[in-house]
Amino acid sequence: MTHLSGSSTDSPAGWDGGRSNGFVNGYHDGRDGRVNGSGAFGNRGSLRSDRGGRGGFKGRGGAYNPIQPVQNTGMNVGASAVAGTAAGWRSPETTRTGPNLWLPTKGWNSKCQSFALLCLFVCARYTDGLTPPTPTPPPPRSELFSGSNTGINFEKYDDIPVEATGHNCPPHIESFHDVAMGEIIMGNITLSRYTRPTPVQKHAIPIIKTKRDLMACAQTGSGKTAAFLLPVLSQIYTDGPGDALQAQYPISLVLAPTRELALQIYDEARKFAYRSRVRPCVVYGGADIGQQIRDLERGCHLLVATPGRLVDMMERGKIGLDYCSYLVLDEADRMLDMGFEPQIRRIVEQDTMPPKGLRQTMMFSATFPKEIQILARDFLEDYIFLAVGRVGSTSENITQKVVWVEESDKRSFLLDLLNATGKDSLTLVFVETKKGADALEDFLYREGYACTSIHGDRSQRDREEALHQFRSGRCPILVATAVAARGLDICNVKHVINFDLPSDIEEYVHRIGRTGRVGNLGLATSFFNDKNSNITKDLLDILVEAKQEVPSWLESLAYEHQHKSSTRGRAKR
DNA sequence: AAAAAAT
């Protein structure tokens, strides 16, 4: 979790351990009750044609600042004008002249009755086709907030050196109370049982609250997700939706490299948006697009997405990024590598999203190769670079073992490891190929182990089901490809096994980061043989830095490799 | 070479 769990690469989930079972069978429709259903904006016409794209910014008598949207300009027909007069979207500090739709009417502690009253008010008031986005009714608290799983080494995070560079970097905070995030956020922080911010949260929250662009690097499981969700949601509450009232114009966009990670971030966002008017949505491939569209039409202030499905939605005219003031790239180095970069440029630079400088851009990852940091500057303006610990380093809460295992011995060695594993802990086994994942799962299944597997050739339903079976402990062994390497916050993963080592060190860092999160201890075992010589040097460096035991054969190999390889270091990438 | 990401 990136949050304390939070980041994505870690996500905030870290604190409360695991996901909150917010969905069934891979679909997330019908998760909340609804006041007005969809179709609230029946008279708005098509997305593009009634706004003229960017042209919508003109004629407002002033420069448009999407980060601090002009309030109450009266320019948008319908919904925004109505909301303006209803004082619905203004800062709670400045407006209390009418029922405030953005905040609970009786403050944080009010119960569901006040929500019902609010709904009645909303229904009575908007009978003219100008109904605003549906408020999110409070789902059961227990569904959203599961127990905290902060570990015994949580306090040790304070020993990690922090680097924050850039113009006028605001001071860090020591407590969530040190920065004004509003009663809703503070209440949800309490419900999430976050007591103290993690280092990345201490620094990133004030930076984001002062509306600065940010490139943040922090170890896996150190709370990155919450580090961006909390301040971004807090800004949305404070600023109100501005002109982005219509369902299809999110104020904030979070992009993630895998569908399951997008889903996890969305679940975190729902947690922090509890009892607020902010409505998070998620779109990703492999799931019913019709359901996702219907969900969007009920209102979307914060959108979590994977790139392909988002582009599809944009091309269908279902989502406009014209008023997107906040852009977050989670697992940013992955999002900007060769596979994703064109799609990111398509979304961020070649459509209607406000340009850098007007929007606020935030990037998070546990790894961030120098070359990609340079590329990332294309999307940032006067940004602050934040690094908690060395970029790309691993948590000392993870015990890393590297063992020499020939290909032919891997299976029996794996069985030995599994047999030595406690009953209640989860084991994540990484392999390099999808075929390999299928084969290994079959093997373990035949050997009588309760296991499942996940990879990109599975149906989305199967993928989500496998993850659910694993998280819930029904299948305490998960065989996975790279799809599960980044960001997923699964509490109680005690052991990560690299049945096949990856070819680059970043992948290794993210994989083993599925354990040892938020101060908990974890174990990572990697099978090494002749096929892995490419990662020898980087792996050795990581082990030494994290004060791990280094096998003498690995040291020798690294020494030999150094003398025959001409492309050491980071010439690649 | 492989994995991921739209259909």
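Here is the naming used below: chain letters follow the sequence lines, and residue numbers restart at 1 for every chain.
A donor-acceptor pair under 3.5 Å is formed between the side chain of A:T198 and the backbone N or O of A:S222.
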Trace of the side chain to side chain donor-acceptor pair (under 3.5 Å) decision for A:H495 with A:S425: CA-CA 8 Å; A:H495 198 176; A:S425 56; over 6 Å; no
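Residues satisfying the side chain to side chain donor-acceptor pair (under 3.5 Å) criterion with A:N498, sequence neighbours excluded, are A:R511, A:S526. Partners of A:T361 according to the side chain to side chain donor-acceptor pair (under 3.5 Å) rule, which considers only residues two or more places apart in sequence or in another chain, are A:R359.
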Classify every nucleotide of nucleotides 1-7 of chain B by which part a protein heavy atom approaches to under 4.0 Å, writing B for the base, S for the sugar-phosphate alone and - for neither, in 5'-to-3' order. BSBBBBS
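Ion pair A:R474/A:E465 not flagged as a salt bridge, since none of the NZ, NE, NH1 or NH2 atoms sits closer than 4.0 Å to an Asp/Glu carboxylate oxygen.
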